[in-house]
Amino acid sequence: MTPIAPGRTDRRYLMCEPVHYTVSYEINPWMDKTRFTDADLAVRQWRTLRDTYLDLGHTVETIDPIPGLPDMVYAANGATVLDGVVYSAKFRYAERQPEGPAYQKWFADRGYVTHTAAETNEGEGDLLVVGDLVLAGTGFRTERSAHAELQELFGRPVISLDLVSPHYYHLDTALAVLSSDPADPQIAYYPPAFSAGSRAVLQQLFPDAVEATERDAVALGLNAVSDGYNVVVAPGAVDLAAAIAERGYNPIPVDTSELLKGGGGAKCCTLEIRPASGSGR
């Protein structure tokens with residue numbers, strides 16, 4: 001494995017093992033309940049992803065999976081954690097609505113301050129921290145009113161972005177945070193997933209962003225996880241891997257193809273726990 005670059009920080013992640021994984025309903029275009037899903041393969045791929053984070057020096061905590069909630073594996077949707085405070089998810093679809101309270105309870109039981117969302121949002125699926133900003137997706141799952149609620153809670157600027165393609169129904173399927181360094185925030189994104197106005201905003205905020213290709217997007221390559229140097233990415237996102245390597249990042253392909261049948265990849269499986277400033281938690 002390529003040595004970890006100086007200045008990159010260790011991360012703390014929350015994950016959920018997909019022991020109950022299946023596709024028993026359809027709430028996004030990736031899902032087909034008539035297609036065979038292999039829970040054992042999903043677990044093996046998930047464990048490889050978890051072990052990759054551990055090998056990189058990150059901390060991984062786990063939440064117990066709940067029978068009947070097969071999408072709990074997509075932990076990123078369960079909450080948004082910033083400055084040690086937890087903003088709960090409030091899911092749009094009834095099939096996933098019990099996940100929000102389950103994730104919130106996990107944090108509350110461990111002493112975190114939690115805020116119960118009044119507005120519909122799907123956690124880090126649509127709310128991505130980039131430097132001092134929060135990029136916030138809307139159009140399919142998260143209401144714009146949740147963006148305002150989040151801004152009031154955290155006191156950080158929230159930039160609303162309109163998603164226009166059903167295949168890229170969450171922001172983290174169309175945009176990846178490469179660096180959250182406030183001095184040099186960097187992203188990659190797939191322009192056709194956004195409205196014209198939102199593309200213009202991204203171009204203004206991130207003029208040097210990596211623009212992903214269609215081949216990257218259909219592999220769900222932008223559902224990637226970066227620690228500021230190492231970037232865990234879908235093996236099929238070959239153009240994206242090459243582009244970020246040219247920028248000095250270290251792409252690490254990890255296969256999550258079985259979990260893609262539910263519409264998720266590495267990032268969907270990974271909820272980042274961002275501590276309060278100066279906190280060791």
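Just so it is clear, the values below take in all heavy atoms, side chains as well, and ignore hydrogens, waters and symmetry mates. This is a predicted model, so every value here is computed, not measured.
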Does the side chain of [X] reach to within under 4.5 Å of the side chain of [Y], using non-hydrogen atoms?
{"X": "Y249", "Y": "Q186", "answer": "yes"}
{"X": "L135", "Y": "L171", "answer": "yes"}
{"X": "D55", "Y": "T52", "answer": "no"}
{"X": "E124", "Y": "N77", "answer": "no"}
{"X": "Y21", "Y": "K261", "answer": "yes"}
{"X": "L205", "Y": "L133", "answer": "yes"}
{"X": "L14", "Y": "I63", "answer": "yes"}
{"X": "M15", "Y": "E61", "answer": "no"}

TODO: For R247, enumerate each residue passing the side chain to side chain donor-acceptor pair (under 3.5 Å) test, keeping only those at least two apart in sequence or located in another chain.
DONE: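 None.
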Please report the shortest heavy-atom distance between [X] and [Y], naming the atom on each side.
{"X": "R156", "Y": "G131", "answer": "NH1-O, 3.3 Å"}
{"X": "Q151", "Y": "V158", "answer": "OE1-N, 3.0 Å"}
{"X": "Y87", "Y": "E119", "answer": "OH-O, 4.1 Å"}
{"X": "Y103", "Y": "G78", "answer": "CB-O, 3.5 Å"}
{"X": "H147", "Y": "G137", "answer": "NE2-O, 3.0 Å"}
{"X": "V86", "Y": "A79", "answer": "CG1-CB, 3.8 Å"}

Donor-acceptor pair, distance only, cut-off 3.5 Å: does the side chain of [X] make one with the backbone of [Y]?
{"X": "N121", "Y": "S88", "value": "yes"}
{"X": "E258", "Y": "A39", "value": "no"}
{"X": "N223", "Y": "G265", "value": "yes"}
{"X": "T173", "Y": "H170", "value": "yes"}
{"X": "W106", "Y": "T62", "value": "yes"}

Open item on the list: Apply salt bridge (charged side-chain N to carboxylate O under 4.0 Å, His left out) to residues E272 and R12 and explain how you reach the verdict.
Closed with: CA-CA 6 Å; E272 185 167 352; R12 182 178 295 272; over 6 Å; no
Task: Identified side chain to side chain contact (heavy atoms under 4.5 Å, CB included) counterpart of V60 within the set T270, L54, D51 - done: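 With V60 as partner, side chain to side chain contact (heavy atoms under 4.5 Å, CB included) holds for just one option, L54.
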Task: side chain to side chain contact (heavy atoms under 4.5 Å, CB included), paired with V23, selected from D71, T37, T34 - done: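 Testing each of D71, T37, T34 against V23, the sole residue satisfying side chain to side chain contact (heavy atoms under 4.5 Å, CB included) is T37.
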Open item on the list: With salt bridge (Lys or Arg N to Asp or Glu O under 4.0 Å) as the rule and sequence neighbours excluded, what pairs involving residues 194-223 come up?
Closed with: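 As it turns out, the salt bridge (Lys or Arg N to Asp or Glu O under 4.0 Å) pairs with a partner in residues 194-223, which skip direct neighbours, are R215-D239.
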Task: Y112 ring center within less than 6.0 Å of F107 ring center - done: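 Close enough - the centres of the two rings lie under 6.0 Å apart.
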TODO: Answer yes or no: is there an ion pair linking K90 with E122, defined by an N-O contact shorter than 4.0 Å?
DONE: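 Salt bridge between K90 and E122, a charged N being under 4.0 Å from a carboxylate O: no.
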Open item on the list: Does this structure show an ion pair linking K33 with E26, if we count only N-O contacts that are shorter than 4.0 Å?
Closed with: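 Not counted as a salt bridge, because no side-chain N and carboxylate O are separated by less than 4.0 Å.
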TODO: Report yes or no: do T114 and Q104 form a side-chain donor-acceptor pair below 3.5 Å?
DONE: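 T114 vs Q104: donor-acceptor pair found between side chains.
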Task: Parallel, tilted or perpendicular: rings of Y13 and Y53 (30°, 60°) - done: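 Rings of Y53 and Y13: tilted, as their planes differ by 30° to 60°.
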TODO: Check the pair Q45, S257 against side chain to side chain donor-acceptor pair (under 3.5 Å), reporting the backbone distance first and the verdict last.
DONE: CA-CA 8 Å; Q45 291 181 345; S257 55; 3.1 Å; yes
